[in-house]
Amino acid sequence: MPKTAATPVSAADPSRWKALVFIALAQLMVVLDATIVNIALPSAQTDLGISDGNRQWVITAYALAFGGLLLFGGRIADKWGRKNAFVVGLVGFALASALGGAANGEAMMLGARALQGAFGALLAPAALSLLAVMFTDAKERAKAFGIYGAIAGGGGAVGLILGGVLTEYLNWRWTFFVNIPFAIVAAVGAWMVIREPAGSRNRAPLDIPGVVLSTTGLVALVYGFTRAESAGWSNPVTVAMFAASAVLLAAFVLVESKVKSPLLPLRVLLERNRGGVYLSLGLAVIAMFGLFLFLTYYLQVVKGFSPVKTGFAFLPMIAGMILGSTQIGARLMTRVAPRLLMGPGFLVAAAGMLLLTQLEVGSSYPALILPAQLLLGLGMGTAFMPAMSLSTHGVNPADAGVASAMVNTSQQVGGAIGTALLNTIAASATTAYLADHAAEAAAGGPAAQLIQAQAMVEGYSSAIWWAVGILAASAAIALTLINTGRPGAGDPVASGSGSAEDAEFKVPVIAH
């Protein structure tokens with residue numbers, strides 16, 4: 001019997017909404033882990049005797065493993081099956097977290113963080129691709145990705161709150177141990193309720209040269225930006241990392257265009273709508289990560305907030321993201337084209353960032369920082385939701401894992417760039433301000449302390465101006481490159497790909 005228009009809803013997996021709960025829980029765990037350790041790092045450094053020179057590796061080890069292995073993890077999910085990859089990723093992440101919480105020295109801690117990143121690189125693309133293959137009705141997909149987008153956008157700020165509470169009232173080790181119940185609940189629930197659609201695996205042989213080139217190229221790129229932050233952009237090792245990354249990633253693209261079963265089929269990357277999502281989202285994350293860094297330091301160092309109070313100060317941004325993603329993005333996604341949500345969303349976020357360029361030492365939290373955060377949250381939540389959905393919508397189901405990995409890769413690389421680039425800009429502006437006020441700074445006393453604080457804020461506001469421009473560029477890219485119509489409007493996502501394989505799967509992905 002031929003399928004009717006009602007088939008997607010009537011034939012849909014009855015457990016899909018239960019599955020969403022466990023997928024969202026796992027995504028929250030991965031996203032908040034990117035920031036939760038930042039708050040605990042000073043305490044962990046003291047307890048474990050980690051030197052100032054090596055403390056950055058507690059963050060960098062996770063970022064390198066996660067960013068470098070994402071494409072590999074996405075293809076493994078396509079090959080093993082997303083449910084299997086999801087559960088293995090959760091179990092491995094829990095074990096690595098237990099190892100980190102029990103660390104008795106620097107080596108054990110760094111090893112645990114690298115393992116967390118490796119299993120996170122398996123888990124994150126599996127989670128997103130499960131949503132892509134389980135939610136096929138346009139309206140249900142909008143709701144599911146609204147929830148997922150809110151978590152992806154707000155999880156980092158949740159990590160700041162949770163990290164502050166656990167560090168202040170328990171112990172830094174609990175920033176690791178807290179992952180274990182998350183992972184156990186998500187793994188058991190996923191194993192019981194997730195049913196992956198048949199025929200969506202990619203059983204092609206693994207592209208080993210592609211794995212090696214993409215992993216080493218992405219590791220070199222992320223490490224280059226990480227090192228630039230601490231050692232400078234002209235440091236020989238920094239320059240060598242960028243050069244190596246360019247050569248390795250160029251070789252990766254060449255290999256992928258030649259091999260029969262590529263790790264990352266170029267049709268996934270070059271289709272204009274998905275390419276527009278990866279590029280605009282990566283740029284937006286540059287601005288967001290820089291903001292998290294500056295606001296955290298501003299509130300703690302300049303305003304004297306405690307870690308817990310700083311964490312709670314980010315609540316308006318989280319509220320804005322949830323509202324933008326679930327109430328604005330999800331409700332409008334089936335009514336308007338994605339670019340008409342993403343472009344204006346990034347512009348609203350840019351308006352919030354523009355407010356923060358007015359930061360001064362004595363700025364009022366309710367009058368300036370709170371409304372800026374609300375605008376940022378609303379804008380990013382509204383933009384993130386259609387971006388997450390569009391990144392996998394219309395792709396060959398057998399490529400869903402690696403397409404999902406590209407979203408995470410763009411965010412991971414964007415985060416590394418944002419932290420390094422904007423921090424460098426801020427540091428340069430701070431140094432210039434201090435040079436201009438050297439006489440006042442040399443006088444000592446309260447006046448010198450005020451000059452120091454003003455110099456820091458001058459640095460932050462200078463970098464935030466760049467973040468405004470980056471968000472405006474994200475909006476321009478979204479409005480220009482993304483040209484697909486609203487879901488279900490006769491213009492399914494992936495239009496204009498020119499790929500027979502993509503065209504073959506447009507209908508099954510929209511209406512299974």
Side-chain angles (χ1 to χ4, degrees), residues 29-70 92-121 123-124 155-168 170-180 182-183 218-231 237-238 241 289-290 292-294 296-297 300-301 307 310-311 411-413 415-420 423:
M29 180 185 73
V30 171
V31 174
L32 67 82
D33 202 75
T35 53
I36 192 171
V37 176
N38 290 18
I39 299 286
L41 184 55
S43 303
Q45 180 186 357
T46 302
D47 281 3
L48 300 179
I50 301 173
S51 68
D52 286 347
N54 287 342
R55 68 181 174 188
Q56 65 158 330
W57 282 100
V58 177
I59 307 300
T60 305
Y62 178 88
L64 291 181
F66 188 74
L69 293 171
L70 270 167
F93 201 92
L95 291 173
S97 297
L99 194 65
N104 57 11
E106 182 177 313
M108 190 172 172
M109 168 61 78
L110 299 183
R113 288 292 283 164
L115 276 176
Q116 277 188 312
F119 283 108
L123 175 59
V158 173
L160 295 172
I161 297 172
L162 195 55
V165 171
L166 292 173
T167 303
E168 195 160 323
L170 290 173
N171 184 285
W172 66 264
R173 296 182 184 275
W174 283 97
T175 60
F176 288 90
F177 291 146
V178 73
N179 290 328
I180 298 171
F182 273 97
L218 287 170
V219 164
L221 182 64
V222 173
Y223 182 56
F225 280 110
T226 303
R227 186 169 180 87
E229 184 187 359
S230 57
V237 177
T238 303
M241 287 294 107
F289 264 66
F292 280 149
L293 179 72
F294 298 140
T296 300
Y297 275 98
Q300 288 196 38
V301 178
T310 300
Q411 291 182 68
Q412 186 66 27
V413 172
I417 295 171
T419 304
N423 201 42

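None of these values were measured; they are calculated from a predicted model. This chain uses plain numbering: 1 for the first residue, then up along the sequence. Hydrogens, waters and symmetry mates play no part in the numbers below; they use all other heavy atoms, side chains included.
- Shown here are the side chain to side chain contact (heavy atoms under 4.5 Å, CB included) partners of A183, two or more places apart in sequence or in another chain: M29, L90, A94.
- Listed by chain and residue number, F66, L69, L70 satisfy the side chain to side chain contact (heavy atoms under 4.5 Å, CB included) test with A121 (two or more places apart in sequence, or in another chain).
- Nearest approach of L99 to L115, heavy atoms of both residues: CD2-CD1, 4.1 Å.
- Proximity of a side-chain donor or acceptor of R113 to a complementary backbone N or O of Y62 within less than 3.5 Å is not detected.
- In this structure, W174 has no side-chain hydrogen bond (donor to acceptor under 3.5 Å, both in side chains) partners at least two apart in sequence or on a different chain.
- With sequence neighbours left out, L48 forms a side chain to side chain contact (heavy atoms under 4.5 Å, CB included) with I50, A103, M109, W172, R173.
- Closest non-hydrogen pair, A65 versus A118, comes out as CB-N, 3.7 Å.
- Of all heavy-atom pairs spanning A112 and A96, the tightest one is CB-O, 3.6 Å.
- Under the rule for a ring pair (Phe, Tyr, Trp, His ring centres under 6.0 Å), the partners of F294 that lie at least two apart in sequence or sit in another chain are Y460.
- For the atom pair CZ of F119 and CG of L95, the computed distance is 7.0 Å after rounding to the nearest 0.5 Å.
- In this structure, N171 has no side-chain hydrogen bond (donor to acceptor under 3.5 Å, both in side chains) partners at least two apart in sequence or on a different chain.
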